[in-house]
**Student:** 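This is the structure, below, for whatever I ask next.
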2 protein chains.
Amino acid sequence: MARYLEIAAELRAAIISGEYPIGSVLPSEGDLVARYGVARGTVRQAVAQLEQDGVVATRQGARRVVLGSAPTQSFHEMQSFSMWAVSQGHVPSARVLKCEPGKATEQEAAMLRVPPGEPLVRLERVRLLDGRPTMVERTLYAGVVAELLLAMDLTSGSITEQLTAQGHVYAHAEHSIDAMAAGVLDAELLGVRRGNPLLRLRRLTTSPTGVPLEWSDDRYRQDAVTITVRNSMSVNTLMRLSPALA
Amino acid sequence: MARYLEIAAELRAAIISGEYPIGSVLPSEGDLVARYGVARGTVRQAVAQLEQDGVVATRQGARRVVLGSAPTQSFHEMQSFSMWAVSQGHVPSARVLKCEPGKATEQEAAMLRVPPGEPLVRLERVRLLDGRPTMVERTLYAGVVAELLLAMDLTSGSITEQLTAQGHVYAHAEHSIDAMAAGVLDAELLGVRRGNPLLRLRRLTTSPTGVPLEWSDDRYRQDAVTITVRNSMSVNTLMRLSPALA
DNA sequence: CAGTGGTCTAGACCACCTT
DNA sequence: AGGTGGTCTAGACCACTGA
């Protein structure tokens, strides 16, 4: 592991342990240089990590202030229902409604940002948390990922996990979040009344090189999840859009 | 402006202009060093900006790939309904339902992360977009910000803007997003039916030093907004929580 | 194997904050 | 005025990618 990541981890641990309580200040860069025996650049890389995660606040000329300990977030937990469920102490499962190869329609092609007619796989599942219907998932898989999918066990495990094991890495995702009313079909699948609120999360995921891998439309029962986002002046990935543009 | 920001801006402009189309590769760090006549560290600071915004993807050993042009996002647009509305070409306004000073109840203190009994201001407004009710906003303002608020014009402008003008800077925010059904009151205020879906966005905003400034509960008509979030393996501020923990 | 990005060093000057 | 973070330079070595 890189030295700056080790230092960042040590500082995180010190914050969690209470050595640097919320509201207190971190040692100066000079102090940390002396303590860890590294160059200033390395210390700055370490604290930049903490700043990016919203753990500390930085102002030129003043010591860094501790905002809170790092959230237990992870890109992969956000990406995968299974991993998230497990991390929350729940047992995830799935009921497959549809899994079929096909060719991209005009609309699907636009969402996946591929040419119309491209081969893809359409997957629809009801996702369960401890046996209770929680989310309806409609996913389109593109390219290589699509082919691998047809050989997988879709009811139990995490597709993401199986894809990662085979070297297909998800690197970027763009999520659109809104509220909607349950239609007849969704209501029945989730065991709620028609018209009840659902939280909809649509997502385009791409590889490290920007190649679209999947597009997903996930609809959660109103009481099933809350999404949280942190942003700050320096790190900001959050937008509010009019539906017309979304 | 710092040199690395100038370089980042130039690269952004070049991407938008089509000089570096989506999917193409950026010049190597060495090329950029030569072109701009700066040290490699400066070039790396510039491209790190682009990476953080999801504009380019980086892999060790390979040229950087262009993912897309920068979104027109801004921290302040996310923070302020007014600024966002204007940027979307709409006319924002507000109807003040309540604006009164008070002392923090047990529950309010916990949300704002201040001691119970702290002075605060409670503000409730219906926010309108081009005259149409769009969102119900319930905000608690703490400390210094609270005092300033009572002297402001609350119907027209942006509170955030007025506060910024007086040197009170919002620096960090944590948002919780979920779906809910409209109650009798919210339904009437927004002109929708009781039970209709609303998108709820709760937010704690703090100063650069981590001091809580405001807590807000915003409820949008189901068709009024979509929230979008970008995340990646390297930059991730997104979490999915069980409601019990939220 | 050459090119490229990832990490690290050592030192410099400046802008801003605190006292 | 002294301390602190922000920026920048110049050079080094390593790990990974791709032809």
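These numbers were taken from a predicted model, which means no experiment stands behind them. Within every chain, numbering begins at 1; the chains are lettered A, B, ... in the order of the sequence lines, protein sequences first and strands thereafter.
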**Student:** CD of Glu100(B): more than 12 outside heavy atoms within 6.0 angstrom?
**Tutor:** yes

**Student:** How many Å lie between CG on Leu26(A) and P on dG5(D), as a whole number?
**Tutor:** 9 Å

**Student:** Looking only at the side chains, is there a donor atom on one of Thr139(B) and Arg125(B) sitting less than 3.5 Å from an acceptor on the other?
**Tutor:** no

**Student:** So does Tyr4(B) get a side-chain nitrogen or oxygen closer than 4.0 Å to the phosphate oxygens (OP1/OP2) of dT7(D)?
**Tutor:** yes

**Student:** Let me know, please, whether Ala39(A) or Thr58(B) comes out on the 5' side of the other along DNA chain C by nearest nucleotide.
**Tutor:** Thr58(B)

**Student:** Rounded to the Å, how far apart are Leu32(A) CG and dT9(C) P?
**Tutor:** 13 Å

**Student:** Check this one for me: any side-chain N or O of Arg64(B) less than 4.0 Å away from OP1 or OP2 of dG6(C)?
**Tutor:** yes

**Student:** Check if the side chain of Arg40(B) and the base of dT4(C) share a donor-acceptor pair of N or O atoms closer than 3.5 Å.
**Tutor:** no

**Student:** Calculate the interatomic distance between Ile7(B) atom CD1 and dT7(D) atom P; express it in whole Å.
**Tutor:** 13 Å

**Student:** Without decimals, in angstroms, what is the distance between Gln60(A) CD and dC8(D) C1'?
**Tutor:** 14 Å

**Student:** How close or far is atom P of dT7(D) from atom CD of Glu29(A), stated in whole angstroms?
**Tutor:** 11 Å

**Student:** If you pin Val43(A) and Pro27(B) to their nearest nucleotides in DNA chain C, which one's is more 5'?
**Tutor:** Pro27(B)

**Student:** What integer distance in Å separates Gln49(B):CD from dC8(D):P?
**Tutor:** 11 Å

**Student:** Counting heavy atoms from C-beta on, name the nucleotide in dC8(C), dT17(D), dG6(D) closest to the side chain of Ala2(A).
**Tutor:** dC8(C)

**Student:** Have a look at Leu11(B) and tell me which of Ile16(B), Leu32(B), Val55(B) forms a side-chain contact (heavy atoms from CB on, under 4.5 Å) with it.
**Tutor:** Leu32(B)

**Student:** For Ala46(A), is there any backbone N or O sitting under 3.5 Å from a side-chain donor or acceptor partner on Gln49(A)?
**Tutor:** no

**Student:** Heavy atoms under 4.0 Å, any strand shown: does Arg44(A) hit a base, just sugar-phosphate, or nothing?
**Tutor:** base

**Student:** Check every atom of dG6(D), dT4(D), dT9(D) against the side chain of Ser28(A) and return the nucleotide holding the closest atom.
**Tutor:** dT4(D)

**Student:** Can you tell me if Thr42(B) touches the phosphate of dT9(D), counting only side-chain N or O atoms and a distance under 4.0 Å to OP1 or OP2?
**Tutor:** yes

**Student:** Could you grab the distance from atom CZ of Arg127(B) to atom CZ of Phe81(B), nearest 0.5 Å is fine?
**Tutor:** 5.5 Å

**Student:** When you measure only distances, ignoring hydrogens and angles, does the side chain of Arg63(A) come within 3.5 Å of the base of dT18(C) through a donor and an acceptor?
**Tutor:** no

**Student:** To the side chain of Gln45(A), which of dG5(D), dC8(C), dC8(D) is closest?
**Tutor:** dC8(C)

